[in-house]
Amino acid sequence: MALLNILEFPDPRLRTKAVPVTDFGPALARLAENMLETMYAAPGVGLAATQVDVHRQLLVLDVSEEKNAPHVLVNPRILAKEGSQTYQEGCLSVPGIFAEVERAEHIRVEAQDVHGASFTLEAGGLLAVCIQHEMDHLIGKLFVDYLSPLKRELVRKKLEKQRRQAASAAPATAAL
Ligand code: GNR
Ligand code: NI
């Protein structure tokens, strides 16, 4: 098991469009395990392969309170959407930033598991939000793209400032 590095906005690699998974071998199962471990450690409720610089259609989720309901979706496809909901979203690739995004309330998704078996999943509420958020990552889209260009620029500057302050607060860590 291993923790993976999470790319952060505005890293251009987050704009990569993922291609379908075609190899359902042990490396895929290992990647899914490492993504789940990285997501739980962050902590987060979802993680797309794009965020760990792997540009394949793979995402992991767990929106349960007890963190005991992991989902792995390979090559996910939305079959149906219904209604709308607005949720205050965050993203591990845009740390410390939260904004309201409107998405479908209920979705039906078809995906494959790590062995290549197809299944469908019905989701509502936070699980539906999360699946839509992760599927956006797979096409190079971030939740801040739903904000106005002005707000997105403010987000970029705020992250830049956070990073500057983090760097000056702990300068010697890497050099020790
Ligand atoms: O951990 C996460 N929380 C979250 C909250 C509201 C809407 C979406 C999310 S997903 C996010 C983890 C993440 O960045 N996944 O890509
Ligand atoms: Ni995200």
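The residues of the chain are indexed from 1 along the displayed sequence. We count ligands from 1, going down the list as the structure has it; atoms in each ligand are counted the same way. Quick note: numbers below take in every heavy atom, side chains included, and nothing from hydrogens, waters or symmetry partners.
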State plainly whether the residues [X] and [Y] are in salt-bridge range, i.e. N to O under 4.0 Å.
| X | Y | value |
| --- | --- | --- |
| Arg156 | Glu153 | yes |
| Glu8 | Arg163 | yes |
| Lys81 | Glu105 | no |

Checklist line | Residue part near ligand 1, for His137, under 4.0 Å between non-hydrogen atoms | finding: side chain
Notebook entry, point to check: Between Lys141 and Tyr146, is NZ or CZ placed under 6.0 angstrom from the six-membered ring centre and within 45° of the ring axis?
Noted result: yes
Next item on the list: Compare every heavy atom of Gly96 with every heavy atom of Lys158, then report the nearest pair and how far apart it is.
Entry: NZ-O, 4.0 Å
Note to self: Are more than 12 heavy atoms, taken from residues, nucleotides or ligands other than Glu65, located less than 6.0 Å from that residue's CD atom?
What the structure shows: no
Next item on the list: Number the atoms of ligand 1 from 1 as they appear, then name those within less than 4.0 Å of a heavy atom of Gly44, with their elements.
Entry: 1 (O)
Check: In ligand 1, which numbered atoms sit nearer than 4.0 Å to a non-hydrogen atom of Cys91?
Finding: 14 (O)
At what distance is the nearest protein heavy atom to [atom], and which residue and atom is it?
| atom | answer |
| --- | --- |
| atom 1 (O) of ligand 1 | Val45 N, 3.0 Å |
| atom 14 (O) of ligand 1 | Leu92 N, 2.8 Å |
| atom 11 (C) of ligand 1 | Gly90 O, 3.7 Å |
| atom 12 (C) of ligand 1 | Gly46 O, 3.2 Å |
| atom 8 (C) of ligand 1 | His133 ND1, 3.6 Å |

Next item on the list: Have a look at His133 and say which of its N, O or S atoms is nearest the Ni ion (ligand 2).
Entry: NE2
Notebook entry, point to check: Name of the His137 N, O or S atom nearest the Ni ion (ligand 2)?
Noted result: NE2
Next item on the list: Sort out for me which residue in Met135, His133, Glu134 forms a side-chain contact (heavy atoms from CB on, under 4.5 Å) with Ile131.
Entry: Met135
Margin query: Can you check which of Glu89, Glu134, Gln51, Gln88 brings a heavy atom nearest to atom 10 (S) of ligand 1?
Written below: Glu134
Item checked: Distance, nearest 0.5 Å, that separates CD1 of Ile107 from OG1 of Thr120 -> 11.5 Å
